[in-house]
Colleague: 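Before we start, here is the structure in question, set down as structure tokens.
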Amino acid sequence: MNTPVITPDHGVAPPRATARDWAGLAVLALALLLLAVDATVLDLAVPAISADLAPTTPQLLWIIDVYSFVLAGLLVVMGNLGDRIGRRKLLLIGAAGFGLASAVAAWAVSPEMLIAARVLQGIAGATLMPATLGLIRSMFQDARQRTVAIGVWSAMAGGGAAAGPLVGGWLLEHFWWGSVFLVNLPVMAGLLVLAPVLIPESRDPNPGRFDAFSAVLAMLALVPVVYAIKETAAHGLDLGVLVIGLFGIGAGVAFVRRQRRLADPMLDLRLFALPRFRVAVLTNMLAVFALAGVLFFGSQYLQLVLGRSPLDAGLLMVPGLVASVVGSLAAALLVRRWRPVVVLGGALAIAALGSAAFFAVDASTGAGAFVLGFTGIGLGAGVAMTVSADLVVGSAPEERAGAAAAISETAYEVGLALGVAVLGSTVMAVFRRGLDLPAGMTASASDSLSSAVDAADALPPSTAGDFLSSVHEAFVSGIHLTVLGMVAVLLFAAITAIRTKTPRD
């Protein structure tokens, strides 16, 4: 057991982590690996899912991002629940549920069934994510050790993402697309066996009353707002979407007002008074925003525009995902030399430079530009996610670790959802407007890139080549316009972070 030591200035230093704590960290990283592998394997499987289940563009986007929408709506609730019933207990429940939902997704026979399975994965995943980060806060009380631990935790997220394309590419070349979900099962089994042995239980000894109405308001705020953003980006603003978005905003206002009145709020709004906390949340969201968007359109670009196999596409994504791991591990060293907000700003600037490289991609020889750009985004995102998570968790008292972790994870998941929804939908909107369908071809050919490529295969050779070229050019045009927005958003966030006035940590 760790014991505190007396420092020369008569202060009590926090206890340092033991070998068991570091072994427990590996198990927690295993839980994150479960989620990270699943996310990137699914991106790589988009063309195969499109070919087999024939989802429409909205259905395809829901398959990718409904998981994140559900997570975003439940993370704050589950973070608070873990503080009350025990974070390790919640971790084990989530691991079992995620595995079962993955099995359902693997054998889905329709887009609707796959979307439902992704909803179940989101519910289970919402229990896993704040539990892992909350447990790290309680296990690693020394600030420097905690930064290293969160760096390892983030690196495993990047490592899982890096492994995803390789594992997924191999599975897609040898088995059906549903096999990409089954990789979760052995990871879940290992977590269920090792966690009770290596990870100590932790909870808030005086959690106060759980406010069920706040939980409902949190979900009614986040899910409709993100949905409205996705639909507006994909199809434009209409009255129905506007009403849904305004409903979510109203629920969000009600949630904030209720938290200010409660003696035991579900979300401690006082944390947002800290400049470094606000910047950390924003940075986390925008770094993931850029990474998620590239993962969504990148796999389709590599496979359906450049004609690479799933395994080749996965290999081309590896340098960027490995760069994310390197950035995560380097973050602990960087914050010892510069203020964390300066490190965050620099990381976002690197991600913006990486995004700019996508202007060089084209319909025939863009693989090199893609690898360069994705590597820059991965490096910047890896640093940003580690430092921001450390700032968020370190700002809260240990007994509220789960709730603080939920804020960080909510920013992560909202960024993930918005990255796919806004950037992915923008690419497809430009693609559809730029597509010139031959006479007699149905409008369904413009539903997705995969549909257009399949439609070209059915055309006579005399017209197929020209149509396919127009398909590729239209998709690349969508990428270029989307990248312009990515660069602007990331540079704005970088400047905001660097200008933030905070004391050196």
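Along the sequence shown, residues carry numbers from 1.
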Colleague: As an exercise, state the distance from CG of Leu220 to CZ of Phe247, rounded to the nearest 0.5 Å.
Modeller: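 The CZ atom of Phe247 is 5.0 Å from CG of Leu220, to the nearest 0.5 Å.
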
Colleague: Might you point out which heavy atoms bring Ser102 and Gln121 nearest each other, and give the distance in Å?
Modeller: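 Looks like OG-NE2, 2.9 Å.
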
Colleague: Quick one: are Val148 and Trp22 in side-chain contact, heavy atoms under 4.5 Å?
Modeller: yes

Colleague: Starting at CZ of Arg278, measure out to OG1 of Thr496 and round the result to the nearest 0.5 Å.
Modeller: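 Atom-to-atom, Arg278:CZ and Thr496:OG1 are 11.0 Å apart.
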
Colleague: If you count the non-hydrogen atoms of other residues, nucleotides and ligands that lie under 6.0 Å from CZ in Arg20, is the total more than 12?
Modeller: yes

Colleague: What's the spacing between Leu128 CG and Thr132 OG1 if we round to 0.5 Å?
Modeller: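 Interatomic distance, Leu128 CG to Thr132 OG1, rounded to 0.5 Å: 7.5 Å.
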
Colleague: Using the side-chain contact (heavy atoms from CB on, under 4.5 Å) definition, which of the options Leu91, Ile93, Leu92 pairs with Lys89?
Modeller: Ile93

Colleague: Looking at Arg118 and Ile63, what are the two nearest heavy atoms and their distance?
Modeller: NE-O, 3.0 Å

Colleague: Can you name the closest pair of heavy atoms from Gly345 and Ala494 and give their distance?
Modeller: O-CB, 3.3 Å

Colleague: Might you point out which heavy atoms bring Leu191 and Ala95 nearest each other, and give the distance in Å?
Modeller: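 Of all heavy-atom pairs spanning Leu191 and Ala95, the closest is CD2-CB, 3.3 Å.
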
Colleague: Examine distances only and state if a side-chain atom of Thr386 and a backbone atom of Gly382 form a donor-acceptor pair shorter than 3.5 Å.
Modeller: yes

Colleague: Can you confirm whether Ser214 sits close enough to Gln259 that some side-chain heavy atom of one is under 4.5 Å from a side-chain heavy atom of the other?
Modeller: yes

Colleague: To the closest 0.5 Å, what do you measure between CG (Leu286) and CE (Met486)?
Modeller: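 Nearest 0.5 Å value for the CG-CE distance: 11.0 Å.
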
Colleague: As an exercise, state the distance from CD of Glu201 to CD1 of Ile199, rounded to the nearest 0.5 Å.
Modeller: 9.5 Å

Colleague: One pair to check against side-chain contact (heavy atoms from CB on, under 4.5 Å): Phe255 and Arg260. What are the steps and the verdict?
Modeller: CA-CA 9 Å; Phe255 175 80; Arg260 288 176 173 170; over 6 Å; no

Colleague: Could you tell me if the side chain of Leu182 sits less than 4.5 Å from the side chain of Trp107, heavy atoms only?
Modeller: yes

Colleague: Quick one: are Pro200 and Arg88 in side-chain contact, heavy atoms under 4.5 Å?
Modeller: no

Colleague: With a 4.5 Å cut-off on side-chain heavy atoms, are Leu246 and Leu242 touching?
Modeller: yes

Colleague: Of all the heavy-atom pairs spanning Leu74 and Ala126, show the shortest one and how long it is.
Modeller: CB-CB, 3.6 Å

Colleague: Any heavy-atom pair between the side chains of Ser355 and Leu490 that's under 4.5 Å?
Modeller: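 Side-chain contact under 4.5 Å: yes.
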
Colleague: Could you tell me the separation between the CE atom of Met385 and the CG atom of Leu344, rounded to the nearest 0.5 Å?
Modeller: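 Answer rounded to 0.5 Å: 12.0 Å.
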
Colleague: Under the side-chain contact (heavy atoms from CB on, under 4.5 Å) rule, what do Asp211 and Arg258 come out as? Steps first, then yes or no, please.
Modeller: CA-CA 10 Å; Asp211 186 52; Arg258 186 170 182 83; 2.7 Å; yes

Colleague: Side-chain contact test, heavy atoms from C-beta onward, threshold under 4.5 Å: evaluate it for Leu28 versus Met139 and give yes or no.
Modeller: yes

Colleague: Looking only at non-hydrogen atoms, find the nearest pair between Ala351 and Ile377 and report the distance.
Modeller: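 Distance-wise, the nearest heavy atoms are O-CG1, 3.6 Å.
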
Colleague: Do Val387 and Ile150 touch side chain to side chain, with heavy atoms closer than 4.5 Å?
Modeller: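 Contact flag for Val387/Ile150 side chains = no.
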
